[in-house]
Amino acid sequence: MIVRAPAKVNLRLGVGPLRDDGYHDLVNVFHAVSLFDEVVVEPADRLAVEVERMPGARVDVGQVPCDDRNLAVRAARLVAARLGVEPAVALRIRKAIPVAGGMAGGSADAAAALLACARLWDDPATPILDRAALLGLAAEIGSDVPFALVGGTAVGLGRGERLTAVAANGPFHWVFATADGGLSTPAVYAECDRLRAAGAVDAVWPHDAGDLYAALESGDADVLGAALGNDLEAAALSLRPALGATLDAGKRAGALGALVSGSGPTCAFLAADAGHAERVAEALAAEDTVAAAVPAAGPAPGAAVVRPAADR
Ligand code: C5P
């Protein structure tokens, strides 16, 4: 069984105050893009995991843990426990999504493993894990995992896991500039809190994303470019000042919008069309602060079976 799941970019990340449970309330507008990890799942004697680079992808798979810290491993264990079976599968994770890059690659792998293991172990005639149950398990694994199942464009409230679809008239063409070395999501949220407490940045909460929804519905990339925003950007730039040069380079190359993706360090650039995206990618690839510049389009579908391994 092979399942692929998409990367995401946050078109708007409105961050509220720190909650008692250690999370922040969010208005988190997710957009899935056509950059996919694949998880190959095969029955085995016991749970095993292997991580490899998708051919042609510039990702550092050495950073991905192969133990219970791996979100796909947690997903397999959770599905097995819920269905009362042994988690006896070999997971082969083929990565194209930047690692610790702010594009929810680990969450995509978890969503893919959830879907694959449910297909493998659940009874298709009377499934225990219907769509709602799978979304519940996804939220247990991480705030971004439910969106990787759903894909498209959606707003996540609460800690980001309570999803509602958002109407978007794409396609929109993007370039993602990756950086060497990841950023820790908890560290970026903590830096955001620190900057706010120090009065260095203003916290605007509650957050109104009405202008972004109108831009998405219009399908106009110019309007969307002006409506993008990320409350974590100042924190990511504070921890990794070199990202400022990456953002400036994309703007100089004519990007219609430029922002840090999620908690970074990947930066996202909106282009007018596919040809423009190629030109922006070429300009970004020449920058010292950019490891790779990858074009992709959104919205992309959520986690889905590609085809059974036997057919490949
Ligand atoms: O849910 P997930 O495990 O992906 O979150 C990783 C970390 O990101 C959390 O431990 C927390 O520090 C931070 N986070 C947050 N508020 C959110 C989502 C994540 O502070 N809504």
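All values derive from a computational prediction rather than experimental measurement. All values below were derived from every heavy atom in this structure, side-chain atoms included, with hydrogens, water molecules and symmetry-related copies excluded. Just follow the structure's listing: the first ligand is 1, and inside any ligand the first atom is 1.
- Ion pair Arg74/Asp67 not flagged as a salt bridge, since none of the NZ, NE, NH1 or NH2 atoms sits closer than 4.0 Å to an Asp/Glu carboxylate oxygen.
- The atoms of ligand 1 that sit less than 4.0 Å from any heavy atom of Arg159 are 1 (O), 17 (C), 18 (C), 21 (N).
- Other residues, nucleotides and ligands place more than 12 heavy atoms under 6.0 Å from the CD atom of Gln63.
- Residue contact annotation: Asp144 has no non-hydrogen atom under 4.0 Å from ligand 1.
- If you check which protein heavy atom lies closest to atom 6 (C) of ligand 1, you get Thr185 CG2, 4.4 Å.
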Does the salt bridge (charged side-chain N to carboxylate O under 4.0 Å, His left out) test come out yes or no for Asp109 and Lys95, once each step is laid out? CA-CA 9 Å; Asp109 302 344; Lys95 294 211 63 77; 2.8 Å; yes
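- Ion pair Glu191/Arg240 not flagged as a salt bridge, since none of the NZ, NE, NH1 or NH2 atoms sits closer than 4.0 Å to an Asp/Glu carboxylate oxygen.
- Using a 4.0 angstrom heavy-atom cutoff, Gly22 counts as in contact with ligand 1.
- Of all the atoms in ligand 1, the ones that sit under 4.0 Å from a non-hydrogen atom of Gly142 are 1 (O).
- Aromatic ring orientation, Phe176 versus Trp174: parallel (interplanar angle below 30°, classes split at 30° and 60°).
- In terms of protein heavy-atom proximity, atom 4 (O) of ligand 1 is nearest to Ser143 N, 3.7 Å.
- Using modelled atom types and a 3.5 Å distance limit, the side chains of Thr266 and Thr178 yield no donor-acceptor pair.
- Counting only heavy atoms of the protein, atom 10 (O) of ligand 1 lies nearest to Pro186 CG, 4.2 Å.
- Residue-to-ligand polar distances place His24 within reach of ligand 1: an N/O pair is separated by less than 3.5 Å.
- Remark: Arg94 does not engage Glu50 in a salt bridge, criterion side-chain N to carboxylate O under 4.0 Å.
- Both the backbone and the side chain of Tyr23 come within contact range of ligand 1, each with a heavy atom under 4.0 Å.
- Among protein heavy atoms, the minimum distance from atom 14 (N) of ligand 1 is reached at Tyr189 CE1, 3.4 Å.
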